[in-house]
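First comes the structure, then the notes that go with it.
Order of appearance sets the numbers: ligands from 1, and atoms from 1 within every ligand.
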Amino acid sequence: MDSLAAAPGTGPATSPLPVLRKSRPAAQFKDLPTDRTLVMGILNVTPDSFSDGGKHATADTAIAAGLRMFYAGADIIDVGGESTRPGAAEVGAEEEQQRVVPVIQALVKAGALVSIDTTHAATAAAALDAGAAIINDVSGLSMEPEMAGLVARSKAPYILTHRRGNAVTMDSLAEYGNVADEVAAELAGVREKLYAAGVAPEQIILDPGLGFSKNEEQNWELLQRLDVLQAMGHKVLVAASRKRFLGSLLTVAGKAAPPAERDAATAAVTAISAYRGAWAVRVHDVGPSLDAVKTAARMIPALPAAAGHG
Ligand code: PMM
């Protein structure tokens with residue numbers, strides 16, 4: 001019998017605060033679905049993230065939001081305690097851990113698979129201790145190179161994101177000849193450091209780092225040329241959700257769409273990325289992207305027949 005107040009997909013749609021009664025067995029990375037692209041829900045436990053900052057600023061509201069995403073069907077919940085938006089202030093690792101650890105513990109207890117969005121090795125270690133299964137480091141090892149040793153020792157999957165500079169400097173570093181090739185080459189350089197530290201190839205998940213030291217045109221080019229990253233032989237994560245380049249695309253009367261009005265475009269990026277074989281998408285609004293990945297999975301085998309080859 002189900003040990004939770006509300007099992008995935010069965011909770012009353014109107015319940016604002018899902019209640020956790022008993023724990024479930026810990027979810028495992030190896031048990032994630034493999035027949036479709038995965039949906040990672042974004043849970044920022046921060047006062048200042050660009051699209052949901054302040055919404056989940058306390059542990060209780062963050063846990064409730066995370067449980068809602070889990071019950072809505074998110075495969076992974078990505079918990080972060082430091083905003084990564086351009087120009088955001090850095091948060092100390094201790095404060096970051098105070099924000100994320102109780103949230104991770106509660107979500108893991110509920111049976112969710114959790115990733116920790118951090119550039120700090122100490123926070124990644126504390127998150128793994130609290131039950132997180134994946135390390136998501138938007139700095140691509142550049143903030144704390146000791147992260148590589150932790151990834152090797154823990155054997156945890158590691159999301160290697162492309163970014164030049166840090167949250168303050170990255171916008172000024174968006175100069176590329178061929179953005180997809182250069183991003184791939186720079187990721188390959190960091191990958192060498194991971195290998196040197198003893199990280200196994202199958203632990204590595206690549207992320208083009210949309211919006212991190214890329215302008216709008218470059219973000220679109222990276223999405224168009226996802227195959228360049230896929231050719232590197234790892235899983236690929238696409239994280240376009242509500243980003244500025246989607247707001248610009250949806251400009252009406254000279255006004256970019258605000259973050260809350262970018263979810264339909266996000267779901268469209270999800271569908272196309274899934275169709276092109278992305279391993280996962282990282283999104284704020286889980287439901288539409290879940291529908292999109294299921295639709296894409298259903299479309300893929302239909303192609304050869306539709307084209308008269310099958
Ligand atoms: N973007 C943000 C935060 N974390 N993690 C990965 N792997 N890739 C990203 O592009 C990424 C990320 C930006 O902020 P948000 O949490 O508000 O989306």
Side-chain angles (χ1 to χ4, degrees), residues 38-57 62 65-66 69 74 76-91 96 99-100 103 114-120 123-124 127 132 134-143 147 151 156-168 170-171 174 183 187 190 203-214 216 218-219 222-223 226 229 234-247 258-260 262-263 265-266 269-270 273 278-286 289:
L38 303 175
V39 176
M40 172 189 272
I42 300 172
L43 187 60
N44 288 316
V45 195
T46 57
D48 61 345
S49 281
F50 80 92
S51 80
D52 56 0
K55 251 208 245 165
H56 320 312
M69 276 194 263
I76 302 165
I77 312 287
D78 189 40
V79 179
E82 179 177 50
S83 173
T84 48
R85 74 183 159 79
E90 276 186 35
V91 174
E96 188 186 28
R99 290 178 183 177
V100 298
V103 177
V114 171
S115 63
I116 173 67
D117 185 346
T118 186
T119 60
H120 300 292
T123 300
I134 303 169
I135 300 172
N136 175 24
D137 172 14
V138 298
S139 83
L141 276 194
S142 68
M143 298 292 285
M147 185 76 94
V151 177
Y158 175 75
I159 299 170
L160 166 56
T161 305
H162 180 272
R163 185 178 83 172
R164 288 179 177 172
N166 55 35
V168 176
M170 63 183 175
D171 274 356
V183 164
L187 285 173
V190 184
Q203 281 177 265
I204 298 173
I205 298 157
L206 299 177
D207 178 338
L210 300 171
F212 293 149
S213 54
K214 281 103 193 165
E216 286 166 18
Q218 292 157 352
N219 289 324
L222 281 165
L223 283 171
L226 216 52
L229 288 201
H234 304 276
K235 298 176 170 77
V236 171
L237 172 79
V238 172
S241 188
R242 294 185 186 168
K243 286 195 173 167
R244 206 166 43 189
F245 72 107
L246 297 180
R262 300 173 190 168
D263 284 331
T266 299
V269 173
T270 291
S273 303
W279 167 74
V281 292
R282 178 183 179 277
V283 297
H284 298 86
D285 191 10
V286 164
S289 277

Under 4.0 Å from a heavy atom of [X]: give me the atoms of ligand 1 that qualify, with their elements.
X	result
N44	15 (P), 16 (O), 17 (O)
I159	7 (N)
I42	16 (O), 18 (O)
N136	5 (N), 6 (C), 7 (N)
H284	17 (O), 18 (O)
T161	6 (C), 7 (N)
A239	8 (N), 9 (C), 10 (O)

Polar atom proximity, D207 to ligand 1 (N or O, under 3.5 Å):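 Checking ligand 1 against D207, an N or O pair does fall under 3.5 Å apart.
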Does H120 have any side chain to side chain donor-acceptor pair (under 3.5 Å) partners at least two apart in sequence or in another chain, and if so, which?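 Only E144 meet the side chain to side chain donor-acceptor pair (under 3.5 Å) criterion with H120.
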Who pairs with D263 by side chain to side chain donor-acceptor pair (under 3.5 Å), at least two apart in sequence or on another chain?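 Result, side chain to side chain donor-acceptor pair (under 3.5 Å) vs D263: R242.
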Heavy-atom closest pair, residues A156 and Q203: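 Closest pair (atom of A156, atom of Q203, distance): O-NE2, 2.9 Å.
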Locate the shortest heavy-atom distance separating T161 from G209; write the atom from each residue and the value.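 That would be CG2-CA, 3.6 Å.
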If we only consider heavy atoms of R242, is any one of them less than 4.0 Å away from an atom in ligand 1?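 For ligand 1, residue contact (heavy atoms, under 4.0 Å) with R242 is absent.
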Answer with side chain, backbone, both or neither: which part of L237 has a heavy atom less than 4.0 angstrom from an atom of ligand 1?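 The part of L237 near ligand 1 is the side chain, not the backbone.
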Are any of the side-chain nitrogens in R282 or D207 under 4.0 Å away from the carboxylate oxygens of its partner?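 Salt bridge absent between R282 and D207.
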K214 side chain to P208 main-chain N or O, any donor-acceptor pair under 3.5 Å?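 Judged by distance alone, yes, a pair lies under 3.5 Å.
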Any donor-acceptor pair under 3.5 Å linking the side chain of S213 with the backbone of R164?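 Checking the backbone N and O of R164 against the side chain of S213, a donor-acceptor pair under 3.5 Å is found.
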